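For reference, positions follow the sequence shown, starting with 1. All values below were derived from every heavy atom in this structure, side-chain atoms included, with hydrogens, water molecules and symmetry-related copies excluded. Note that this is a predicted model, so its numbers are computed, not measured.
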Amino acid sequence: MNAPTHIAAPAKLRYVDRDTLFEVERFLIREARMLDEERFREWWQTQLAEDVHYVLPVREIRLRADQKPIGSNPGAFVFNDNYMMLDMRIRRLETGLVWMEDPRNYIRRFISNVDAAWAEVDGEVDAWSNFIVYRNRRQRDETVVWGTKQCRLRKVDGEWKLTRRTILVDQRVVLDKNLYFFL
């Protein structure tokens, strides 16, 4: 998949109205709760557009003068998934054989600083938010991951659907054993 990995802001953003921003915030918060509750199949069926592109690029440490877009290094992704790849990841979790998930991990996703602007495509919105993910595994295995999400949402039959998500982790080195969770 060679689609752009980030949502480039137009020269002049057209911020959404208050009601649309509220809908976007509700979408992101309900999505986080759905994932916290491990309702992955429901998330896949109800929140994602079939043309979704879900990526977590490896961020490179660069000098400020190097303005290449994040994710421009081909193949340097933790996730680079489409609708069917996300389905495969969920099916794997549904087998009950993922040893890192047994016993169950406790995960909480915190979403903040939500902002949104109309995209260049009618009926679509670009949304930005920050996140903190806390994960507790077994007795003493705790990790915290934080960063930002850049999302593209589209109204389908009156409901918002995720069409693109770029996740940017703000840690130089993630000390977690894996990043096998959805954001």
Side-chain angles (χ1 to χ4, degrees), residues 1-10 13 16 20-59 69-95 98 101 107 109-133 145-170 174 178-183:
M1 287 181 262
N2 293 326
T5 59
H6 69 288
I7 299 168
L13 293 175
V16 299
T20 303
L21 180 60
F22 181 76
E23 289 178 18
V24 168
E25 288 174 338
R26 299 312 323 150
F27 175 90
L28 295 171
I29 290 167
R30 286 186 182 123
E31 177 191 38
R33 190 180 84 223
M34 194 177 291
L35 294 171
D36 284 351
E37 295 171 357
E38 295 188 350
R39 294 168 23 214
F40 305 124
R41 179 61 54 198
E42 180 183 353
W43 171 70
W44 184 79
Q45 291 171 335
T46 64
Q47 306 299 108
L48 306 180
E50 290 186 16
D51 62 342
V52 69
H53 189 205
Y54 180 93
V55 299
L56 193 165
V58 173
R59 293 177 87 171
I70 293 168
S72 60
N73 183 0
F77 295 94
V78 176
F79 306 134
N80 188 6
D81 296 343
N82 61 19
Y83 193 67
M84 294 315 297
M85 288 297 295
L86 290 166
D87 178 48
M88 287 173 51
R89 288 177 57 195
I90 292 168
R91 280 191 281 135
R92 181 175 178 264
L93 288 169
E94 290 170 340
T95 67
V98 180
E101 300 297 322
I107 298 178
R109 294 158 182 86
F110 300 89
I111 307 298
S112 71
N113 298 47
V114 177
D115 200 4
W118 295 109
E120 66 279 358
V121 178
D122 283 341
E124 294 188 355
V125 167
D126 291 331
W128 299 268
S129 62
N130 295 337
F131 67 85
I132 298 173
V133 176
V145 177
W146 59 88
T148 188
K149 297 188 294 187
Q150 302 171 352
C151 303
R152 171 72 55 93
L153 304 176
R154 175 188 311 136
K155 274 260 175 125
V156 177
D157 299 326
E159 300 292 328
W160 290 108
K161 301 282 185 177
L162 179 68
T163 65
R164 188 176 349 152
R165 172 163 292 153
T166 300
I167 302 158
L168 302 175
V169 175
D170 290 339
V174 177
N178 68 55
L179 290 173
Y180 200 85
F181 50 82
F182 300 104
L183 290 165

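Ionic pairing of Glu120 and Arg152 is present here: one or more N-O contacts between side-chain nitrogen and carboxylate oxygen are shorter than 4.0 angstrom.
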Worked verdict on Thr163 versus Val52 for side chain to side chain contact (heavy atoms under 4.5 Å, CB included): CA-CA 4 Å; Thr163 65; Val52 69; 5.7 Å; no
Quick one: do Leu86 and Phe40 satisfy side chain to side chain contact (heavy atoms under 4.5 Å, CB included)? Show the steps, please. CA-CA 10 Å; Leu86 290 166; Phe40 305 124; over 6 Å; no
Is there a side chain to side chain contact (heavy atoms under 4.5 Å, CB included) between Val24 and Leu153 once you walk through the steps? CA-CA 8 Å; Val24 168; Leu153 304 176; 4.0 Å; yes
When you look at Phe131 and Lys149, which way does the side chain to side chain contact (heavy atoms under 4.5 Å, CB included) test go after all the steps? CA-CA 7 Å; Phe131 67 85; Lys149 297 188 294 187; 3.6 Å; yes
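Using a 4.5 Å heavy-atom threshold, the side chains of Asp51 and Arg164 count as separate. Using a 4.5 Å heavy-atom threshold, the side chains of Phe77 and Leu56 count as separate. Counting heavy atoms from C-beta on, the side chains of Arg109 and Arg33 never come closer than 4.5 Å.
Counting all heavy atoms, side chain and backbone alike, Arg165 lies closest to Leu183 at NH1-O, 2.5 Å. In plain terms, the two heavy atoms of Ile111 and Ala32 that are nearest each other are CG1-CB, 3.9 Å. Taking every heavy atom of both residues into account, Ser129 and Thr148 meet most closely at O-OG1, 2.8 Å.
Taking the ring axis of Tyr54 as reference, the NZ or CZ atom of Arg89 does not stay both within 45° of it and closer than 6.0 Å to the ring centre. At least one cation-pi condition fails for Arg39 and Trp43: the charged atom is not both under 6.0 angstrom from the six-membered ring centre and inside a 45 degree cone around its axis.
Rounding to the nearest 0.5 angstrom, the gap separating the CG atom in Leu48 from the CD1 atom in Ile90 is 7.0 Å. To the nearest 0.5 Å, the span separating OG1 on Thr20 from CH2 on Trp160 amounts to 6.0 Å. Note: His53 NE2 to Met85 CE = 10.5 Å, rounded to the nearest 0.5 Å. Atoms CG and CG, on Asp126 and Asp115 in that order, are 10.5 Å from each other to the nearest 0.5 Å. In this structure, CZ on Phe79 lies 7.5 Å from CZ on Phe182, to the nearest 0.5 angstrom. One finds the CD atom of Glu94 at 11.0 Å from the CD atom of Glu38 (value rounded to the nearest 0.5 Å).
Within a 6.0 Å radius of OH in Tyr83, other residues, nucleotides and ligands contribute more than 12 heavy atoms. Atom CD of Glu159 sits in a sparse spot, with 12 or fewer heavy atoms from other residues, nucleotides or ligands closer than 6.0 Å.
Lys161 places a side-chain N or O within 3.5 Å of a backbone atom of Thr46 that can act as its donor or acceptor partner.
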